[in-house]
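What you see is a predicted model, and the numbers here were worked out from it, not measured in a lab.
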Amino acid sequence: VAKFAESGTALDYSTYLGGNNQTFPFRISVDPTGAASVIGFTSSTDFPTIDPIQASFKGGAEDAFLSRFKPDGSGLAFSTYLGGTGDEYGYAITTDLTGAMWIGGSTSSTDYPIVRAYQPKYGGGPFDAFLSRVSLRPIDSIAVLKAAIDNLAASRKISAPLKDELAEELDRASQAIHSSNVEGAREAIDCFELEILIAAFEGQLSNVNSERLAVAGWDLRSLMSEPR
C-alpha cells in the first residue's frame with residue numbers, strides 16, 4: 001500500500017501488508033481525513049490485526065480482510081479478518097462521511113458473520129454475495145465528519161459560518177464522549193442535525209449535501225448506543 005506526495009515525484013509512505021501466505025488487495029478507499037482502507041483476501045494465518053472484529057483465520061482457502069491505515073500511514077488504525085469456514089473474497093469498498101466502511105464480496109460459507117441481515121441464511125450454489133458495513137468508534141467518526149465538513153467548506157459548498165457552527169457541535173459531542181457523557185453527546189448531535197435542517201431550509205445547503213450530512217448525524221447518534 002503506497003501514497004504518493006501531491007507532486008507525484010515522491011512517496012509519502014509505502015508498506016507491505018500481509019502474513020505467512022498469499023494476500024491479495026483488491027480495492028482501496030480514502031476517507032476525508034486521508035485514512036486509506038483496503039479490502040482483499042488472504043490465506044495467511046498471521047495477517048496483522050488491530051482491534052479486530054475477527055482476530056483469526058476462520059478456514060477455507062481464503063478469508064476476506066479489511067484494514068484501515070492511520071492518515072499519515074504510520075500504522076494500522078484497524079485491521080480484521082472477515083469470513084466463515086468456507087472461502088471469502090473481498091472485492092469492493094467505499095467509505096462514508098463518518099468513516100464507516102461498506103464492503104462487498106463473495107462467500108461460500110454458511111456461517112459468514114451477519115448482523116441485522118436482509119438475508120440471514122446462505123442461499124446455495126458455489127457462492128453468495130455479501131455486503132457488510134463496519135463502523136468506526138464515535139470519537140473517530142466525529143473526526144472524519146469534521147474533515148468532510150472542512151472539505152465542503154474548502155470547495156465552497158458550505159459557508160465558513162456554517163462550517164464553524166457544525167464544527168462547534170461536533171467538538172461538543174467529542175468532549176462529551178471523552179467525559180463518558182453519552183446524553184451530552186446525543187444532545188450535541190441533535191443540535192448538529194438541527195443546524196443542517198435550518199441551513200437546508202434557508203438554502204445554504206444543496207439537497208444532496210444536506211441529506212448526506214443528515215445521514216451522517218443519524219449514524220453518529222446510532223453509534224452512541226451501538227458502538228462497533
Evaluation steps, side-chain contact (heavy atoms from CB on, under 4.5 Å), between Asp63 and Gln54: CA-CA 10 Å; Asp63 270 6; Gln54 178 182 321; 3.2 Å; yes

side-chain contact (heavy atoms from CB on, under 4.5 Å) between Asn21 and Phe47: does it pass, once the steps are laid out? CA-CA 9 Å; Asn21 215 325; Phe47 186 84; over 6 Å; no

Should Asp140 and Arg68 count as an ion pair when the cut-off is N to O under 4.0 Å? no

Report yes or no: does [X] contribute a side-chain atom to a donor-acceptor pair with the main-chain N or O of [Y] at less than 3.5 Å?
X: Asp31; Y: Gly99; answer: no
X: Thr42; Y: Gln22; answer: yes
X: Tyr122; Y: Gly125; answer: yes
X: Ser174; Y: Leu170; answer: no

Minimum heavy-atom separation for [X] to [Y], with atom names?
X: Thr33; Y: Ala143; answer: CG2-O, 3.8 Å
X: Ala216; Y: Leu145; answer: CB-CD1, 3.9 Å
X: Lys121; Y: Gln119; answer: O-NE2, 3.0 Å
X: Ser43; Y: Ala61; answer: CB-O, 3.2 Å
X: Asp72; Y: Tyr13; answer: O-CD2, 3.6 Å
X: Gly90; Y: Phe130; answer: CA-CZ, 4.3 Å

Parallel, tilted or perpendicular: which describes the rings of Phe41 and Phe24, with under 30° parallel and over 60° perpendicular? tilted

Any side-chain heavy atom of [X] sitting closer than 4.5 Å to one from [Y]?
X: Phe4; Y: Ser14; answer: no
X: Met101; Y: Phe78; answer: yes
X: Val134; Y: Thr80; answer: no
X: Lys3; Y: Val30; answer: no
X: Lys163; Y: Asp150; answer: yes
X: Val215; Y: Asp219; answer: yes
X: Pro25; Y: Val1; answer: no
X: Asp51; Y: Arg137; answer: yes

Honestly curious: do [X] and [Y] fall in one hydrophobic cluster under the side-chain, below-4.5 Å linking rule?
X: Leu97; Y: Ile139; result: yes
X: Leu17; Y: Ile28; result: yes
X: Ile149; Y: Trp218; result: no
X: Ile198; Y: Leu213; result: no
X: Val38; Y: Tyr89; result: no

Mind checking the [atom1]-[atom2] spacing from [X] to [Y]? Nearest 0.5 Å is all I need.
X: Ile142; Y: Glu169; atom1: CD1; atom2: CD; result: 11.0 Å
X: Thr94; Y: Arg27; atom1: OG1; atom2: CZ; result: 12.0 Å
X: Ile103; Y: Thr95; atom1: CD1; atom2: OG1; result: 12.5 Å
X: Ser44; Y: Phe57; atom1: OG; atom2: CZ; result: 8.5 Å
X: Thr85; Y: Lys58; atom1: OG1; atom2: NZ; result: 6.5 Å
X: Ile189; Y: Ser141; atom1: CD1; atom2: OG; result: 9.5 Å

Determine, step by step, whether Leu166 and Phe192 satisfy the side-chain contact (heavy atoms from CB on, under 4.5 Å) criterion, reporting the C-alpha distance in whole Å, the side-chain angles of both residues, the deciding distance to 0.1 Å, and the verdict. CA-CA 6 Å; Leu166 296 177; Phe192 172 87; 3.8 Å; yes

Within a 6.0 Å radius of atom [atom1] on [X], are there more than 12 heavy atoms belonging to other residues, nucleotides or ligands?
X: Lys157; atom1: NZ; result: no
X: Arg172; atom1: CZ; result: yes
X: Glu168; atom1: CD; result: no

After noting the C-alpha distance and the side-chain angles of Asn209 and Ile158, does the key distance pass the side-chain contact (heavy atoms from CB on, under 4.5 Å) rule? CA-CA 9 Å; Asn209 286 324; Ile158 64 174; 5.5 Å; no

